Amino acid sequence: MARIGVFICHCGENISATVDVAKVAAAAAKIPGVVHSVDYKYMCSDPGQQMVSSAIKEKNLTGVVVAACSPRMHEPTFRRACAEAGLNPFLCEMANIREHCSWVHEKGEATTNKAIDIVRTLVAKVKKNKALLPIKVPVTKTALVLGGGIAGIQASLDIANSGHKVILVEKEPSIGGHMSQLSETFPTLDCSQCILTPRMVEVAQNPNITLYSYAELESLEGFIGNFKARIRKKARSLDEKLCTGCGLCCQKCPTKKIASDFDAGLGMRPAIYVPFPQAVPNKPVIDREHCTYYLKGKCRLCEKVCPTQAIRFDQADEIVEVEVGAVVMATGFDIKHGDFFPEYGYGNYRDVIDGLQFERMASASGPTLGEMRRPSDGKVPEIVVFIACAGSRDPAKGIEYCSKICCMYTAKHAMLYRHKVHHGKPYVFYMDIRAGGKMYEEFVRRAIEEDGVQYIRGRVSRIYERGGKLIVKGADTLLGARPMEIEADMVVLATAGVANPGAEALAQKVHISYDSHHFYSEAHPKLRPVETNTAGIFLAGACQAPKDIPESVAQASGAAAKVAALFSQDELIREPLIAVVDRQAPPLYSTCVGCFLCQTSCPYQAIEKEEIRGRDGQLIKTVAKVNPGLCQGCGTCVALCRSKSIDIQGFSHEQVYAEVLALLNRGESDV
Amino acid sequence: MSDFEPKIVAFVCNWCTYAGADLTGTNRMKYSPRVTIIRFPCTGRIDFMLLLKAFANGADGIIVSGCHPNDYHYSSGNFHARRRWIVFRGLLDFLGIDVRRVQFSWVSAAEGAKWAQLVDATAEQIRQLGPFSGYHKLRGAGVE
Amino acid sequence: MSRGPVIQHDRQVLAERILEQTGVDVARCYQCGKCSAGCPLAADMDFPPSQIMHLLQLGDFPEFAELALRSHTIWLCLTCEICYCRCPMELDIPKLMDVLRYESLAQKKINPKAKDIISFHRAFLDSVRTTGRLFEMGQVIDYKLRSGHFLQDLLQAPWMFFVGKLHLIPERIRDRRLLKRMFARTLKAREGRP
Amino acid sequence: MKTGFYPGCSMKGSAREYSESLMAVAKVLGRELPEIPDWNCCGATAAHNLDRDLALALPARILAAAEKAGMDEVLVPCAACYSRLSVTRHELLDAKGSEALRARISGLIEAEYRGSAKVVNILEWLAGIGGLEGLIQAPFARKVACYYGCLLVRPAGIVKFDRPEEPQSMDRLMKKIGAEPLDWAFKTECCGAGFSISRNDLVARLSGLILDDAVARGAEAVIVACPMCHLNLDMRRPNIEKRADKKFRIPVLYVTQAIGLALGIAPKKLGLQRHKVTVRFSPAVDKSPAETLPPSGTRPGEA
Ligand SMILES: Cc1cc2nc3c(=O)[nH]c(=O)nc-3n(C[C@H](O)[C@H](O)[C@H](O)COP(=O)(O)OP(=O)(O)OC[C@H]3O[C@@H](n4cnc5c(N)ncnc54)[C@H](O)[C@@H]3O)c2cc1C
Ligand SMILES: Cc1cc2nc3c(=O)[nH]c(=O)nc-3n(C[C@H](O)[C@H](O)[C@H](O)COP(=O)(O)OP(=O)(O)OC[C@H]3O[C@@H](n4cnc5c(N)ncnc54)[C@H](O)[C@@H]3O)c2cc1C
Ligand code: SF4
Ligand code: SF4
Ligand code: SF4
Ligand code: SF4
Ligand code: SF4
Ligand code: SF4
Ligand code: SF4
Ligand code: SF4
């Protein structure tokens with residue numbers, strides 16, 4: 001038999017000014033099951049809370065309703081008070097008679113009656129409440145960082161330096177990401193490699209970080225604090241422990257003419273290669289698609305020259321299984337290459353290059369050793385046209401969003417070009433200059449004012465080649481949209497920043513949401529920018545949207561802080577307001593019919609299949625089961641289940657139906 | 001009919017509309033006392049049998065309100081609610097309940113004023129529609 | 001008008017009519033200028049296509065829409081479709097130009113420089129109206145009478161005749177009455193001319 | 001599958017040789033091309049410049065006539081007519097609000113337009129004919145600049161044929177007959193279209209740019225698939241040369257004329273003598289100008 005205590009608060013005069021609290025207390029006392037009903041000036045004060053706990057003890061209460069302010073305000077306070085008095089905190093409910101009643105209605109009978117309705121509703125609910133235990137989940141204090149660009153590097157270092165283990169997975173042979181390809185970086189023009197390589201080395205040396213390069217995530221299962229990841233270590237075709245990174249094999253490999261991805265196709269590399277000299281780890285891989293041995297069965301020159309006999313032609317991919325408590329997605333972005341733009345020649349003209357190619361050309365360690373040499377004939381380009389928004393802000397041929405970084409790197413490119421070719425003429429076609437950032441606008445102005453970069457406001461209509469020149473047809477909308485032509489030696493397209501080709505598949509693998517462009521979605525665009533909607537998985541860098549280095553690093557540190565906060569607990573405690581599928585005694589076991597409608601509706605993939613087997617091990621039925629680590633208690637599944645087999649603790653069918661009935665059947669006897 | 005005072009039940013989600021209604025209170029905006037709120041984790045939790053149950057027990061009108069579609073606490077539950085609402089409208093019609101008796105809306109945690117307007121507009125609407133008298137039929141139809 | 005264009009709200013602006021008739025929403029144009037950069041005749045136009053778009057965007061200033069209707073541009077536009085093909089917003093400018101031409105004709109706001117072009121179009125359609133097909137010889141003569149350019153091209157004609165390209169007698173289709181009715185219900189009804 | 005033929009006005013007049021060469025080629029290929037009965041002018045630029053309903057009604061009447069004659073597709077060799085017919089078909093069948101429009105236009109043409117007949121252009125039609133290579137008598141071994149003009153490939157959403165920049169279909173066709181199609185920049189730039197008479201100053205400039213590039217790249221001929229393009233590039237040659245202040249000797253051939261030569265058809269049957277710019281090609285295998293016709297402008301032809 002229920003023994004409910006009702007405590008009505010005056011909130012100074014906040015409630016009592018419009019609600020007749022004494023009348024409410026009297027009415028509450030008459031509700032069947034209510035054994036104690038009082039009103040008091042400030043329920044949340046110490047003496048108020050004291051009243052609640054002593055009543056629990058003295059009257060053996062089985063449930064408590066505090067009629068006061070919003071539960072969003074003081075529910076934790078009163079639940080704590082109940083717990084201290086030995087009553088399960090989930091047997092305490094609040095009736096909101098302040099925000100939803102006394103503050104919003106005039107003084108009068110109707111308002112008092114509404115307050116009584118609210119109290120009656122919550123009393124009906126609390127009678128159906130069940131004692132719930134908070135859910136405790138253990139936390140594995142190792143983080144998995146996917147992607148070793150600057151964002152992944154920063155996140156790994158921050159987590160490792162806060163004393164936790166990190167497993168960093170990078171799909172390329174070396175970490176470094178796009179930043180390692182850059183020449184100098186805006187807005188300070190410091191050399192990218194110079195600031196990046198120390199960080200890369202730190203990663204290699206930090207005892208808390210395990211680096212799996214040339215590796216990819218195979219699968220991820222589990223939930224916050226308790227993920228299981230399988231990582232595929234692709235075969236490097238050599239024994240990393242034996243290899244000293246001497247580079248002899250790379251020098252001697254006869255297959256030398258493979259377009260280097262790292263050099264954005266402008267340079268060549270051998271079949272056994274290290275992407276760039278400062279690579280971490282500085283160990284080569286054999287590119288099996290191009291190596292003569294794998295193609296024709298002959299060569300093995302690298303094996304012969306290797307002083308440590310490290311080459312392993314028959315090495316197979318290896319799967320490593322790890323347990324981690326949190327995941328940081330830092331897989332970065334990609335840019336569109338020139339071949340998507342019909343009017344700019346579908347990528348046919350060798351001297352129409354993209355931004356990354358320009359970076360490699362400008363880089364002192366690049367294929368031209370930092371000299372401006374156009375790809376077709378190696379001539380120094382005298383006139384260079386830069387085209388901003390190439391494929392960005394272009395729903396017809398590219399993407400509708402602004403890629404954010406290209407205005408800045410275009411200004412940088414034009415500037416670097418002028419620094420290297422003093423008599424050269426750089427022109428930039430632009431639509432708007434987006435330079436919102438510390439020292440960014442000043443940087444662009446410097447390009448214009450000090451380095452003489454000519455900005456022309458308009459979008460280029462077409463590029464074609466004639467007599468070794470590129471004819472760029474544009475218009476200046478600030479001069480009456482008059483068409484104009486520039487005979488350029490080289491054109492640099494600031495092509496759109498887009499998601500990695502594999503981004504969607506990876507998101508599905510780890511169950512995080514992504515937008516229509518396959519960038520990963522943050523949990524809230526303003527207030528939870530480094531979290532995903534899946535608890536325990538965080539975001540860093542350009543995998544969320546195109547970003548520059550400062551932003552990528554800031555977000556990476558933010559994600560690392562979130563991971564460190566998670567790892568500061570041994571166990572996670574969560575409110576048990578989650579879904580459960582009913583379980584009954586045999587022979588029924590559960591009313592669940594196994595339709596799994598709930599599974600398809602759950603936004604968090606929290607519903608699993610469970611096989612119920614008899615003692616002989618024979619399958620009796622397959623029913624739904626909620627993973628308490630994943631369920632967020634949204635209740636979508638509950639509304640969909642036709643057999644009413646799944647219910648949500650704290651908002652159960654029984655509870656909400658009791659509420660509705662109590663609310664509407666004023667004065668009628670209890671249900 | 002002028003002194004008819006409707007009974008309206010509001011099913012609202014905890015994260016947006018409940019908080020929005022709190023804000024209405026904090027700002028001391030006044031609205032009709034004919035509406036009483038029942039709190040849910042999300043509008044996706046609301047199954048429509050519950051709404052029918054409310055009608056069968058004498059509710060004259062119902063408000064269902066949750067987060068704005070893009071601003072949602074649980075990534076897709078309110079879309080589910082929205083989709084089910086379309087089916088439910090048909091069902092209401094079939095049962096002879098005027099669909100105007102159910103208000104489906106979005107009120108965010110910041111929209112205190114919108115909540116007050118929504119309540120008043122609904123109360124006025126229901127007042128004009130008059131008391132819901134079809135619940136005996138509903139009970140006959142097995143909803144009870 | 002010393003104050004410059006004045007805002008006039010609460011009137012149905014040209015841009016809205018264009019949206020209704022063609023589905024082209026001028027508000028989507030973000031003035032990139034790519035259309036003007038590729039238009040073969042932009043240099044000859046008083047307002048290159050991107051500027052026509054902008055004139056229509058500022059629909060609250062009726063003077064600007066008026067400039068578009070009175071422009072030479074709308075008659076110079078060749079319907080070459082280059083602008084539409086390359087517009088990042090996929091705005092069908094040539095289709096929009098059609099509507100501007102119809103409005104310009106209907107409101108009698110034809111740019112004086114476009115007289116020849118329109119004379120040519122009229123001569124062409126007159127030929128079609130009477131014979132059902134284009135009678136090139138007849139049309140050229142008709143055009144010359146309308147435009148007053150008697151000498152231009154005259155040297156060309158005997159050569160065409162000799163190589164078999166010009167006929168002296170028009171080809172006529174059978175159902176010419178239908179053609180007449182079609183013209184009567186469309187162009188003629190609108191222009192109010194015989 | 002019954003393919004009808006819509007010649008359009010110019011193929012009966014100023015572009016006679018286009019139709020002559022098409023018929024000669026069709027004969028060798030064994031295709032029949034019955035004309036649409038009692039066809040009318042499509043209205044060309046003039047109609048859509050002056051009246052929308054008329055601009056739709058004229059082509060709709062043509063298409064309705066083809067439907068009535070049981071034609072499943074209509075070959076429209078003139079690119080300008082092709083564009084008008086394609087646009088009309090799109091507006092009346094696929095565009096927003098097409099149903100009401102279709103009813104209105106059907107009323108104007110006093111016949112129901114259903115949209116059963118497809119519209120195909122010359123390149124599509126030729127590409128659909130297999131075995132052309134096997135019929136080649138004398139490969140047309142010339143460097144050619146394939147000029148598509150505006151209306152064969154644009155607007156891409158309506159014609160849905162080839163790609164709008166740097167199209168390839170004519171190039172492929174030319175390769176089949178032994179020619180060497182060049183990469184050049186003016187494949188789809190506008191020649192001045194319908195301004196041949198009213199603004200021939202503009203035509204002279206735009207067409208001049210096209211010829212200039214073709215010549216600079218070493219083309220021996222410009223190949224076209226549109227009477228308007230031909231008119232502007234060939235017949236307007238004096239104006240072009242005057243404006244550019246230089247001579248362009250490069251001939252302009254219809255795609256069907258080039259194919260005809262490769263199929264061994266006599267130049268006269270292909271109407272080569274009707275060009276303003278003398279064509280010195282012959283079906284001979286060697287490249288020397290074997291059968292030299294006197295400059296066409298000076299010789300009376302058969303009217
Ligand atoms: C041309 C150009 C010039 C630029 N110039 C500047 C500049 O001057 N200043 C500036 O601040 N910013 C500049 N940027 C922006 C800068 O490159 C980015 O901000 C930065 O690289 C983002 O870092 P990231 O780690 O998020 O992504 P990335 O650098 O893209 O790194 C992602 C890493 O993840 C790896 N990876 C991808 N998928 C997987 C997977 N499935 N599993 C494991 N690993 C994976 C990749 O191999 C890569 O190593 C420029 C960008 C471009 C394109
Ligand atoms: C007109 C306008 C519109 C905007 N609209 C948007 C928008 O729509 N979306 C958006 O994302 N952003 C918007 N912003 C930007 C947004 O306001 C800022 O990004 C955000 O407020 C920054 O938060 P903050 O905490 O860093 O700084 P602040 O909001 O400035 O907070 C700083 C706090 O520190 C306190 N403080 C200052 N000095 C001291 C001191 N010495 N000791 C103790 N306390 C101190 C201040 O009192 C203040 O409470 C807008 C900004 C403006 C001006
Ligand atoms: S030669 Fe051997 S040790 Fe040296 S880099 Fe190559 S594999 Fe490593
Ligand atoms: S076996 Fe392959 S990687 Fe080794 S040297 Fe030969 S080609 Fe190079
Ligand atoms: S950052 Fe600049 S160049 Fe890049 S898409 Fe945005 S506006 Fe265009
Ligand atoms: S200062 Fe503000 S308004 Fe001006 S460009 Fe920058 S962000 Fe835009
Ligand atoms: S819980 Fe309900 S919805 Fe889920 S599988 Fe079982 S019966 Fe189906
Ligand atoms: S309550 Fe929500 S999160 Fe939990 S199992 Fe149901 S649908 Fe999934
Ligand atoms: S190309 Fe399109 S978006 Fe750009 S100015 Fe022209 S109409 Fe506007
Ligand atoms: S369609 Fe008209 S406006 Fe557009 S590019 Fe051609 S001529 Fe210019």
Side-chain angles (χ1 to χ4, degrees), chain C residues 21 23 40-41 44 75-76 78-82 84-86 90 92 94 98-99 101-102 105 116-125 127-128 132-137 140 143 147 152-153 156 159-167 171 173-175 178-179 181-183 185-187 190-191, chain D residues 9-10 12-17 38-41 43-55 57-58 61 83 95-96 108-110 150-151 153-157 164-165 188-190 192-195 197-200 202 206 235 238 271 273-276 296-297 299-303:
Chain C
Q21 290 174 38
L41 294 183
D44 306 85
W75 300 104
L76 280 178
L78 290 154
T79 321
C80 74
E81 310 274 358
I82 284 181
Y84 177 30
C85 173
R86 295 188 184 147
E90 293 175 283
D92 192 342
D98 276 346
V99 177
R101 287 187 278 255
Y102 306 150
L105 283 170
D116 288 357
I117 295 172
I118 296 167
S119 300
F120 175 82
H121 292 329
R122 289 212 166 107
F124 186 106
L125 289 181
S127 163
V128 176
R133 295 192 187 158
L134 174 66
F135 172 40
E136 286 170 329
M137 183 77 144
V140 171
Y143 166 64
S147 66
Q152 181 209 347
D153 266 332
Q156 201 76 281
W159 169 80
M160 285 182 74
F161 175 74
F162 279 128
V163 297
K165 291 192 168 197
L166 268 192
H167 302 261
E171 282 202 29
I173 72 165
R174 263 179 284 122
D175 205 354
L178 172 63
L179 263 284
R181 286 197 293 276
M182 281 164 63
F183 273 81
R185 288 185 204 129
T186 54
L187 185 64
R190 223 150 295 178
E191 293 202 329
Chain D
C9 308
S10 42
K12 291 280 167 177
S14 56
R16 232 181 119 163
E17 65 273 31
D38 205 37
W39 58 268
N40 55 272
C41 169
T45 316
H48 85 81
N49 263 275
L50 300 186
D51 192 286
R52 180 176 188 226
D53 280 4
L54 186 61
L58 289 169
R61 183 181 173 275
S83 167
K96 220 177 100 213
L108 279 176
I109 62 172
E110 298 173 21
C150 307
L151 300 172
V153 289
R154 288 192 295 256
E165 310 272 351
T188 59
E189 293 291 307
C190 184
F195 283 170
I197 294 175
S198 53
R199 287 299 302 269
N200 64 37
L202 300 176
L206 299 178
M235 212 166 85
Q273 74 283 8
R274 299 187 201 281
H275 290 193
K276 183 93 185 168
S296 30
R299 202 189 59 133
E302 343 108 343

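Each chain gets a letter, A, B and so on, in the order the sequences are listed, and its residues count up from 1. These numbers were taken from a predicted model, which means no experiment stands behind them.
- Without hydrogens or angle criteria, D:Asp38 side chain to C:Asp175 main chain gives a donor-acceptor distance under 3.5 Å.
- In this structure, C:Ile173 and D:Arg61 have side chains that are in contact, with non-hydrogen atoms separated by less than 4.5 Å.
- Ranking C:Ser119, C:Gly23, C:Pro40 against chain D, the residue ahead of the rest is C:Pro40, based on heavy-atom pairs under 4.5 Å.
- In terms of heavy atoms, C:Trp75 sits closest to D:Phe195 at O-CZ, 3.3 Å.
- Side-chain contact check for C:Leu178 versus D:Asn40: every heavy-atom pair is 4.5 Å or farther apart.
- In this structure, SG in C:Cys80 is found 5.5 Å from CZ in D:Arg154, a value given to the nearest 0.5 Å.
- Although no hydrogens or angles enter the test, the distance criterion places no donor-acceptor pair under 3.5 Å between the side chain of C:Arg101 and the main chain of D:His48.
- Checked by atom type and distance alone, the side chain of D:Asp53 never pairs as donor or acceptor with a backbone atom of C:Thr186 at under 3.5 Å.
- Residue D:Ala47 touches chain C through both its backbone and its side chain, counting heavy-atom pairs closer than 4.5 Å.
- A heavy-atom distance below 4.5 Å is found between the side chains of D:Glu165 and C:Cys85.
- Contact count against chain D (heavy-atom pairs under 4.5 Å) is highest for C:Arg133 among C:Glu81, C:His121, C:Arg133, C:Arg86.
- Of the listed residues (D:Thr45, D:Thr188, D:Ile109), the one with the most heavy-atom contacts under 4.5 Å to chain C is D:Ile109.
- Contacts between D:Ser83 and chain C at a heavy-atom distance below 4.5 Å are absent for every atom of the residue.
- Shortest non-hydrogen contact noted between C:Leu134 and D:Cys41 is N-CB, 4.1 Å.
- Counting heavy-atom pairs under 4.5 Å between each of C:Asp92, C:Ile117, C:Leu179 and chain D puts C:Ile117 at the top.
- Contact record, D:Gly43 with C:Phe124: O-CE2, 3.7 Å, taken as the closest heavy-atom pair.
- For the pair C:Tyr102 (side chain) and D:Arg52 (backbone), a donor-acceptor distance under 3.5 Å is present.
- For chain D, no part of C:Glu90 is nearby; none of its heavy atoms comes within less than 4.5 Å.
- D:Leu108 touches chain C through backbone and side chain together, each having a heavy atom under 4.5 Å away.
- Between the OG1 atom of C:Thr79 and the CG atom of D:Asn49 there is a distance of 5.5 Å, given to the nearest 0.5 Å.
- Residues C:Leu76 and D:Leu202 have side chains in contact (heavy-atom distance under 4.5 Å, counting atoms from C-beta outward).
- Distance CE/C:Met182 to CG/D:Leu58: 4.5 Å, rounded to 0.5 Å.
- When each of D:Cys150, D:Cys9, D:Ser14, D:Gly13 is checked for heavy-atom pairs under 4.5 Å with chain C, D:Ser14 comes out on top.
- For C:Asp116, the parts sitting under 4.5 Å from any heavy atom of chain D are the backbone and the side chain alike.
- Inter-residue side-chain proximity for C:Leu125 and D:Leu54 is flagged as met; some heavy-atom pair is nearer than 4.5 Å.
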